[in-house]
Amino acid sequence: MKITVLAVGKIKEKFYTQAVEEYTKRLSRYCRLEIVEVADEKTPDGAGEAAVRKIKEKEGERLLSHIKDGAYVIALAIEGKMRSSEKFSEHLSSLGLYGDSHLAFVIGGSLGLSEAVLDRANEHLSFSNMTFPHQLMRVILLEQLYRSFKIQAGEPYHK
C-alpha cells in the first residue's frame, strides 16, 4: 500500500520532526510512505472571512496539485467521521482489499481545508472534536497509521 500525507506548512520544531522521522521509519515495514509539504499562506491579524477563504483556496490549490489520479483521498477535518483505532485499522484494510492501494491523507493549515479539497476527498476523518496544531496532527496521523498496521498484523502495541 502507498500512503501519501499532504500537509500545509513545514514542521519547525525539532521534537515534531523527530517524531515524524521515527514513525516514518516504523511505517516503512508496512507501506510506502510519502510526505508532501506545501507552502502555507501568511494570515494577517484580524483577517476577515473573505481573506480567510482566499488563503484556504490558495493552500487548497497547492494540495490538489499533488493528489494523484486514482488516489483515495481522506481529508482530516474536525467535522469528519470519528473511528476507534480498531475501526480505523479495519477501514484501511478494507480499502486495500477493494482496490484502493494508494491513500492520500490531507492535513490543512491553521485555517483548515478549502471547500475544493473537502469536495475532492472521498471521505472526511476526524481524530477529535478538539483543534490540534497542524504540525502535531501530522504526528498523530502517523502514529495512528502505525498502530493500524500493527493491529492488522496482529502484533502487540502499547495501549
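Just so we're clear, the structure is a prediction, and the values are computed from it rather than from any experiment.
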Might you work through the side-chain contact (heavy atoms from CB on, under 4.5 Å) test for Leu33 and Leu142, ending with a clear yes or no?
CA-CA 10 Å; Leu33 177 67; Leu142 293 175; 3.9 Å; yes
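- Counting only heavy atoms from C-beta outward, the side chains of Asp100 and Asn122 never approach each other to under 4.5 Å.
- Using a 4.5 Å heavy-atom cutoff, the side chains of Arg147 and Glu143 are in contact.
- Both Tyr23 and Phe132 are assigned to one and the same hydrophobic cluster, defined by single-linkage of ILVMFWY side chains at heavy-atom distances under 4.5 Å.
- If you chain together hydrophobic residues whose side chains sit under 4.5 Å apart, Val20 and Leu136 fall into the same group.
- Cluster membership for Met130 and Ile107, using ILVMFWY side-chain heavy atoms within less than 4.5 angstrom, is shared.
- If you chain together hydrophobic residues whose side chains sit under 4.5 Å apart, Tyr16 and Phe127 fall into the same group.
- At a threshold of 4.5 Å between non-hydrogen side-chain atoms, the residues Glu37 and Arg138 count as touching.
- The pair Lys25-Glu21 does not count as a salt bridge, with every side-chain nitrogen at least 4.0 angstrom from each carboxylate oxygen.
- Of all heavy-atom pairs between Met1 and Leu103, the closest is SD-CD1, 3.7 Å.
- A salt bridge links Lys2 to Glu34: at least one charged side-chain nitrogen sits closer than 4.0 Å to a carboxylate oxygen.
- A donor-acceptor pair under 3.5 Å is absent between the side-chain atoms of Glu59 and the main chain of Ser114, judged by distance alone.
- Residues Leu125 and Phe105 share a closest heavy-atom pair of CD2-CE2, 4.4 Å.
- The two residues His124 and Ala121 come nearest to each other via the heavy atoms CD2-CB, 3.8 Å.
- For Ser85, the side chain to side chain donor-acceptor pair (under 3.5 Å) criterion is met by Gln144, not counting sequence neighbours.
- Summarising the local packing, NZ of Lys10 is surrounded by 12 or fewer heavy atoms from other residues, nucleotides or ligands at distances under 6.0 Å.
- Side-chain contact of Ser94 with Glu90: a donor-acceptor pair under 3.5 Å is absent, judged by distance alone.
- When all heavy atoms of Leu27 and Leu145 are compared, the closest pair comes out as CD2-C, 3.8 Å.
- Glu22 is listed as a side-chain neighbour of Arg26, based on a closest heavy-atom distance under 4.5 Å.
- Atom-to-atom distance recorded for Ser84:OG and His91:NE2 is 12.0 Å, nearest 0.5 angstrom.
- By the 4.5 Å side-chain criterion applied to Ile, Leu, Val, Met, Phe, Trp and Tyr, Leu118 is assigned to a cluster that also includes Leu6, Val8, Val36, Val38, Leu63, Leu64, Ile67, Val73, Val106, Leu113, Val117.
- Legend: ring pair (Phe, Tyr, Trp, His ring centres under 6.0 Å) pairs involving residues 33-65, not counting sequence neighbours: none detected.
- Between Lys56 and Gly112, the closest heavy-atom pair is CG-O, 4.0 Å.
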Go through the steps for Leu76 and His134 under the test side-chain contact (heavy atoms from CB on, under 4.5 Å), then give the verdict.
CA-CA 10 Å; Leu76 273 58; His134 57 281; over 6 Å; no
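- For Lys150, the side chain to side chain donor-acceptor pair (under 3.5 Å) test picks out Glu155, with sequence neighbours left out.
- Scanning both residues, Ile78 and Ser126, for their nearest heavy atoms gives O-OG, 3.2 Å.
- Judged as a ring pair (Phe, Tyr, Trp, His ring centres under 6.0 Å), and not counting sequence neighbours, the contacts of Phe149 are Tyr30.
- Under a hydrophobic clustering in which Ile, Leu, Val, Met, Phe, Trp and Tyr are joined whenever their side-chain heavy atoms come within less than 4.5 Å, directly or via other members, Met137 and Ile3 fall into the same cluster.
- Annotation for Phe15: atom CZ counts as buried by contact number, over 12 foreign heavy atoms lying within 6.0 Å.
- Screening residues 39-76 for ring pair (Phe, Tyr, Trp, His ring centres under 6.0 Å) gives no qualifying pairs among residues at least two apart or on separate chains.
- In this structure, CD on Glu13 lies 4.5 Å from CD on Gln135, to the nearest 0.5 angstrom.
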